[in-house]
Number of protein chains: 2
Amino acid sequence: MSQRNTGVTPQVVNAHACPVREVLDRVAGKWSVQILVAAAQGPIRFTELERGIEGISRRMLTLTLRQLERDGLVGRTVHPTVPPKVEYALTPAADELYETLLRLTDWAERHRVYIAESRAAYDAAHDPDRRVDA
Amino acid sequence: MSQRNTGVTPQVVNAHACPVREVLDRVAGKWSVQILVAAAQGPIRFTELERGIEGISRRMLTLTLRQLERDGLVGRTVHPTVPPKVEYALTPAADELYETLLRLTDWAERHRVYIAESRAAYDAAHDPDRRVDA
DNA sequence: CTGGATCCGAGCGGATACTG
DNA sequence: CAGTATCCGCTCGGATCCAG
């Protein structure tokens with residue numbers, strides 16, 4: 001294959017058939033979830049996403065969008081106008097995923113403080129040099 | 001710092017403060033979830049994990065375990081015997097996370113076929129060369 | 001406006017060898 | 001048994017340039 005690595009896309013992983021990895025590989029990308037969240041509000045344009053996500057590069061936006069599209073999580077609608085107008089929207093499957101994701105963020109918010117404290121305690125116990133003293 | 005990169009551990013990320021990334025960065029690791037799943041059945045020993053996860057290296061097991069421990073998701077109990085015996089167990093916080101993870105895997109299973117078909121369709125439309133024909 | 005192609009650095013993760 | 005340390009490749013992801 002002269003097909004160099006274009007970037008993302010695990011694809012031919014291990015075929016672990018592990019359902020856990022299945023879903024995570026699909027969502028673990030650095031931007032996948034943020035895109036899903038942004039698109040959950042309704043159809044959204046490429047540039048809207050680009051400016052809304054803040055920090056994402058054009059490359060990763062395109063790449064991640066393609067991946068999501070390939071997995072049937074986002075629909076891509078091209079309006080044959082000039083200049084071009086393309087809108088992305090979640091599919092029903094992605095809507096369900098989004099709901100589940102919400103539980104995750106909920107968990108994160110409910111345990112954010114706990115985790116922060118755990119980290120601080122761990123660091124203080126294992127790397128005393130970095131004690132901020134206070 | 002002569003402290004080369006030891007491996008995992010995002011740590012000083014971007015401080016995006018984005019709850020979504022918060023939780024994902026914590027679970028996105030290649031093995032984190034599988035370890036949580038394995039430990040969800042009850043306290044489990046290091047070697048048990050190593051042999052149970054199939055494919056994980058000693059290094060990543062240790063590294064991921066440390067990360068989970070640091071975040072207060074797993075507890076580490078050392079039995080001062082000879083030979084040493086160390087057991088890992090989920091904390092209540094991790095138990096909750098595990099429940100949430102279950103929803104995710106559930107979603108994955110319910111949409112596995114859909115996703116597979118979406119991929120096949122996408123690939124057929126965008127990379128006709130690879131048509132398996134059949 | 002929407003996106004593809006290429007170049008390149010950084011970090012993740014694997015293999016192996018060594019230690020308490 | 002339970003880790004730790006080192007080397008090393010591979011993929012992810014950013015910057016930039018080009019194109020429809």
Side-chain angles (χ1 to χ4, degrees), chain A residues 1-14 16 21 24-32 34-35 43-69 74 76-88 126-127, chain B residues 2-14 16 21 24-35 43-69 74 76-88 126-127:
Chain A
M1 309 296 179
S2 56
Q3 183 76 36
R4 287 266 293 170
N5 176 17
T6 330
V8 179
T9 314
Q11 245 149 297
V12 196
V13 273
N14 309 317
H16 267 150
R21 282 243 57 81
L24 286 181
D25 283 342
R26 191 157 301 98
V27 158
K30 192 173 180 181
W31 305 104
S32 306
Q34 288 176 69
I35 290 179
I44 187 170
R45 300 184 56 178
F46 187 87
T47 307
E48 300 280 281
L49 285 168
E50 189 178 8
R51 294 190 306 175
I53 292 187
E54 193 70 30
I56 193 172
S57 63
R58 216 183 236 102
R59 179 184 128 90
M60 287 318 293
L61 180 54
T62 302
L63 244 32
T64 309
L65 240 19
R66 289 289 164 277
Q67 197 175 274
L68 292 173
E69 188 189 353
V74 304
R76 181 167 176 271
T77 308
V78 181
H79 300 269
T81 61
V82 41
K85 176 180 179 180
V86 180
E87 285 187 321
Y88 293 90
H126 292 255
D127 203 351
Chain B
S2 54
Q3 184 76 35
R4 287 266 292 170
N5 175 17
T6 331
V8 179
T9 315
Q11 248 151 293
V12 196
V13 273
N14 309 317
H16 267 149
R21 282 244 56 80
L24 285 181
D25 283 342
R26 193 155 302 98
V27 159
K30 190 173 181 182
W31 305 105
S32 307
V33 176
Q34 287 175 71
I35 290 179
I44 187 171
R45 301 183 58 177
F46 187 88
T47 306
E48 299 280 282
L49 284 168
E50 188 178 8
R51 294 191 306 175
I53 292 186
E54 193 71 27
I56 193 171
S57 63
R58 213 183 240 102
R59 179 183 126 91
M60 287 317 293
L61 179 55
T62 301
L63 244 32
T64 310
L65 240 17
R66 289 286 165 280
Q67 197 175 273
L68 292 173
E69 188 190 352
V74 305
R76 181 168 175 271
T77 307
V78 181
H79 300 269
T81 61
V82 38
K85 177 179 178 180
V86 180
E87 286 188 321
Y88 294 89
H126 292 256
D127 201 352

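On a predicted model such as this, the values are computed, not experimentally measured, just so you know. No hydrogens, no waters, no symmetry mates; every other heavy atom, side chains included, goes into these values. Order of the sequence lines fixes the chain letters, A, B, ..., with proteins taken first and strands second; residue numbering starts at 1 for each chain.
Between B:Arg45 and the phosphate of D:dA2, there is a side-chain N or O to OP1/OP2 separation shorter than 4.0 Å. In terms of phosphate contacts, A:Arg76 brings a side-chain nitrogen or oxygen within less than 4.0 Å of OP1 or OP2 of C:dG3. Contact check, B:Lys30 against D:dT11: no side-chain N or O comes under 4.0 Å of OP1 or OP2. One finds no side-chain N or O of B:Thr62 lying less than 4.0 angstrom from the OP1 or OP2 phosphate oxygen of D:dA2. Under 4.0 angstrom from either OP1 or OP2 of D:dC18 there lies no side-chain N or O belonging to A:Arg59. When the side-chain nitrogen and oxygen atoms of B:Arg66 are compared with OP1 and OP2 of D:dG3, one or more of them lie within a distance under 4.0 Å.
Put simply, CZ on B:Arg58 is 12 Å from P on D:dT4, counting in whole angstrom units. Taking atom CG of A:Leu61 as the reference point, atom C1' of D:dA15 lies 15 Å away to the nearest angstrom. We find that CG of B:Asp25 is positioned 14 Å from C1' of D:dC12, with the value rounded to whole Å. Rounded to an integer number of Å, the gap from CD1 of B:Ile44 to C1' of D:dC1 is 15 Å. Rounded to whole angstrom, the span from the CG atom of B:Leu63 across to the C1' atom of C:dG11 amounts to 12 Å. In this structure, the CD atom of B:Glu50 is 11 Å from the P atom of D:dG3, given to the nearest Å. Across the protein-nucleic acid pair, A:Gln67 atom CD and D:dC12 atom C1' stand 11 Å apart, rounded to whole Å. Distance A:Ile56 CD1 to D:dA15 P: 12 Å, rounded to the nearest Å.
Contact record, A:Arg26 with A:Gln67: O-NE2, 4.3 Å, taken as the closest heavy-atom pair.
Picking from C:dG20, C:dG14, C:dC1 the nucleotide with the shortest atom distance to the side chain of B:Met60 gives C:dG14. Looking at the side chain of A:Trp31, the nearest of the listed nucleotides D:dC1, C:dG3, D:dG13 is D:dG13.
Remark: B:Ile56 CD1 to B:Ile35 CD1 distance equals 4.5 Å, nearest 0.5 Å.
Within the 4.5 Å cutoff, side-chain heavy atoms of B:Phe46 are placed close to those of B:Leu65.
A donor-acceptor contact shorter than 3.5 Å links the side chain of B:Ser57 to the backbone of B:Met60.
Note on B:Arg51 versus B:Glu48: salt bridge recorded, some NZ/NE/NH1/NH2 to OD/OE distance being below 4.0 Å.
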